[in-house]
Amino acid sequence: MKHLVAGTAGHIDHGKTALVKALTGIDTDRLPEEKRRGISIELGYAYLDLPDGTRIGLVDVPGHERFVRTMVAGATGIDFAILVVAADDSVMPQTREHLAILKLLGLRDGLIALTKVDLVDKEMAELVAEEVRDTVAGSFLAEAAIVPVSSVTGQGLDALRRVIAEVAARVPERSGGSLARVPIDRSFAMAGYGTVVTGTVVSGSLRVGDEVDILPRGLTARVRGLQWHNTPVEAAFAGQRAALNLSGVKHDELARGDVICTRGGFLPASMIDGRIVLDLSQARPLEHGTSLSFHLGTSEVRARLALLDRARLEPGEEGWAQLRLAGQVVARRGDRFILRTVGGEATLGGGQVFDAHPLKHRRQRTEAAIALEHIAEDGLPAAITHELYKANAPVRLTVLCPLLGESRSDVEASREPAVRLVPTGADAWLYDPALFDAIASRVLEALAACHKEKPLLATGLTVTALSARVDPERRLAEDVLSAIIEQLAAAGRVRRVDNTYALASHRVELDERQAAIRKAVLEACLAQPFSPPTLLDLQRTLPFPPAAIASVHEALLKSGELVDGEVCGFHPQAVEEAWRQLESHLRKHRQITVSDFRQMLGTTRRYAMALVQHFDAAGRVIRDGDFRRLP
Ligand SMILES: Nc1nc2c(ncn2[C@@H]2O[C@H](COP(=O)(O)OP(=O)(O)OP(=O)(O)O)[C@@H](O)[C@H]2O)c(=O)[nH]1
Ligand SMILES: [Mg+2]
């Protein structure tokens, strides 16, 4: 079943509330003050059952010029509009202002009720219909049906119901992402229930039992019960008006402007970037730095305007802007907002959010405007890339999603193919290809520098050492760096050597003198197989510069040409000979102590220990107290 909400609009006293009552039987003017003054002050709610079984929500708004802000809060979240014009009064200021607001909120469809036709003759009604037609020309209501009705005599009500059904049948259901948002329009206490709030579910869905955030207030609560037009339900969906019974909050802690949100789904915004338009009917341009009243959802905050691509916005013009808010709102890419004068005297224009968590821009930042243009054209994939660009570092998925007000699966599925995603446990890192390339080239540079410093070493740098070199400010988590390096390894650019990474192209190449040193060192080590010379011994006895001997010796140990015995290197042939003797002893005697092994080889304890430890590490023997045995 389709979930839709329709809203009234129109000048004061033109018969909106009377029409809602005539259609639904529900009197939405409930307040004593509304009764006494004969005007609507608050938003009214009713519902209408269509012949096909669809139940649409109806929001009745006040027409008084002082309550336009209330009208804006009510018109947010409606799917189509019922513009009401009284046949005995014709088009009046709030007819135009409400129409402008509906346009700015992105409404696409609706109908026009020409009310109080019982008070005028046919000619007059036709004349007013003409005037209405002129007024809506060029707007989303340009082709809308104009239905003459009387709430007093009932004339035209059936025709109006038919037209409402036609519009409802063709209006698409809203899509505002998969995370739930319900801007609160009323909060009260109900005996036996506790806190009850009402609002239109503008996106996602909520179920009984759900934990929710209440933002920007920063409270959490649990949905204890849900009602849809006075009927208890298990879940409420986008496009439905809902009453939520909440536990964990008091009704007077909440107010219009707060939003019930999927737990962890959103972050309050104090600045937004968007496309704004100044209404054509305005006499003066909108200047950079102007203070405005910013209306989004059911919230209203003061804002200061920064124009990004021009110095001033002329009436009828559109431009990119940053709005710096005096308070916080829950905003998401695609949300519409209204801009009014600070005193609330007039509606100036409105716009659409494209970045709900922008960086602060200085005036006339064309790069910022270009980035927003991309988001406007390419949607979520561009918005994800823009977040990564702003962070200039990999961003955790759990951090990115609430910035965008998007679900994890939507972000995973919608990212541009080049954006890398590295899962880490329950979370994941995302980073953009430019950053990847930058880090990758710094890694390759660092390895090249390392090989240059130690050309005789086959090894390169550990991840920790690389992290210190390529990212001294530690902005990248080591697991991200590892992932980047692994991708370089997969691409054949680097390779693992021991616990380090080296350039795949790196070769230990010895010059003539180094080759001579290598030969001499290997011979010296083989000459005393079980007590090979230490580096110091070699430096004392071999006729080469000590530093050159040290680097060759180290290279031989790293590359495995000598077996590392901590202070010395064993020739591999010596190690194999020691093993031959050890193995045959163990086959005969089952076990051996280090001291017996030492005597067998005729060496010192230190050398015997080094060899035993080598066999331990290789798993050739196992240790049992003081003894070594075959595994
Ligand atoms: N004769 C006649 N009177 C009507 C009709 N519709 C409304 N009225 C009267 O017009 C007055 C205003 O009607 P409302 O429905 O309160 O007008 P509204 O547009 O809701 O006014 P606000 O909410 O204050 O903007 C009331 O006295 C109604 O009885 C109609 O079709 N015919
Ligand atoms: Mg009313």
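Remember, it's 1-based here, ligands and their atoms both numbered in the order they're listed. Excluded from the calculations below are hydrogen atoms, water molecules and symmetry mates; all remaining heavy atoms, backbone and side chain alike, are included.
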I need the nearest protein heavy-atom contact for [atom]: residue, atom name and distance, please.
atom	value
atom 3 (N) of ligand 1	Val152 CG2, 3.7 Å
atom 26 (C) of ligand 1	Asp13 OD1, 4.8 Å
atom 14 (P) of ligand 1	Gly15 CA, 3.7 Å
atom 7 (C) of ligand 1	Ala18 CB, 3.4 Å
atom 23 (O) of ligand 1	Ser40 OG, 2.7 Å

May I ask you to list the atoms of ligand 1 that are less than 4.0 angstrom from any heavy atom of [X]?
X	answer
Ile12	24 (O), 25 (O)
Ile39	24 (O)
Thr17	15 (O), 18 (P), 20 (O), 23 (O)

- [ ] Indicate yes or no for a side-chain donor-acceptor contact from Asp27 to the backbone of Asp29 under 3.5 Å, with no hydrogens or angles considered.
- [x] yes
Task: N/O donor-acceptor pair under 3.5 Å between His295 side chain and Phe337 backbone - done: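 Not a single qualifying donor-acceptor pair exists.
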Task: Trp228 ring center within less than 6.0 Å of Phe237 ring center - done: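 Between Trp228 and Phe237, which both carry aromatic rings, the centre distance is not below 6.0 Å.
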Task: Ser40 near the Mg ion (ligand 2): N/O/S under 2.8 Å - done: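 Within the cut-off used here (under 2.8 Å), Ser40 does place an N, O or S atom near the Mg ion (ligand 2).
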Open item on the list: Just checking: Thr17, one of its N/O/S atoms, less than 2.8 Å away from the Mg ion (ligand 2), yes or no?
Closed with: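 Given the 2.8 Å cut-off, Thr17 counts as a ligand of the Mg ion (ligand 2).
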Flag: protein heavy atom within less than 4.0 Å of [atom]:
atom	result
atom 31 (O) of ligand 1	yes
atom 19 (O) of ligand 1	yes
atom 11 (C) of ligand 1	yes
atom 5 (C) of ligand 1	yes

Task: Part of Asp118 within contact of ligand 1 (heavy atoms, under 4.0 Å) - done: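 Within the 4.0 Å criterion, Asp118 contacts ligand 1 through side-chain atoms alone.
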TODO: Specify side chain, backbone, both or neither for Leu119, according to which of its non-hydrogen atoms lie closer than 4.0 Å to ligand 1.
DONE: side chain
Do you see a donor-acceptor pair shorter than 3.5 Å between the side chains of [X] and [Y]?
X	Y	result
Asp185	Thr298	no
Arg324	Gln322	yes
His11	Asp89	no

Open item on the list: Just verifying a value: how many Å separate Arg332 CZ and Leu267 CG, rounded to the nearest 0.5 Å?
Closed with: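 Between Arg332 CZ and Leu267 CG, I get 14.0 Å after rounding to 0.5 Å.
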Open item on the list: If we check side-chain contact (heavy atoms from CB on, under 4.5 Å) with Thr195, which of these qualifies: Leu254, Asp252, Leu244?
Closed with: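 It is Leu254; the other options fail the test.
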Open item on the list: Go through it in stages, so that I can follow the logic: the residues are Val353 and Leu296, the test is side chain to side chain contact (heavy atoms under 4.5 Å, CB included), and I'd like the CA-CA distance, side-chain angles, deciding distance and then a yes or no.
Closed with: CA-CA 10 Å; Val353 175; Leu296 188 148; 3.8 Å; yes
Open item on the list: Cation-pi check for Tyr45 against Arg241: NZ or CZ below 6.0 Å from the six-membered ring centre and within 45 degrees of the axis, yes or no?
Closed with: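 The answer is yes, since Arg241 meets both limits relative to Tyr45.
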Open item on the list: If I apply the N/O under 3.5 Å rule, does Lys116 come out as touching ligand 1?
Closed with: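 The answer is yes, given that Lys116 and ligand 1 share an N or O pair closer than 3.5 Å.
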Open item on the list: If you measure every N or O of Thr115 against every N or O of ligand 1, does any of those distances drop under 3.5 Å?
Closed with: no
TODO: Check the pair Leu206 / Val201 against side chain to side chain contact (heavy atoms under 4.5 Å, CB included), numbers first and verdict last.
DONE: CA-CA 9 Å; Leu206 283 174; Val201 185; 5.7 Å; no
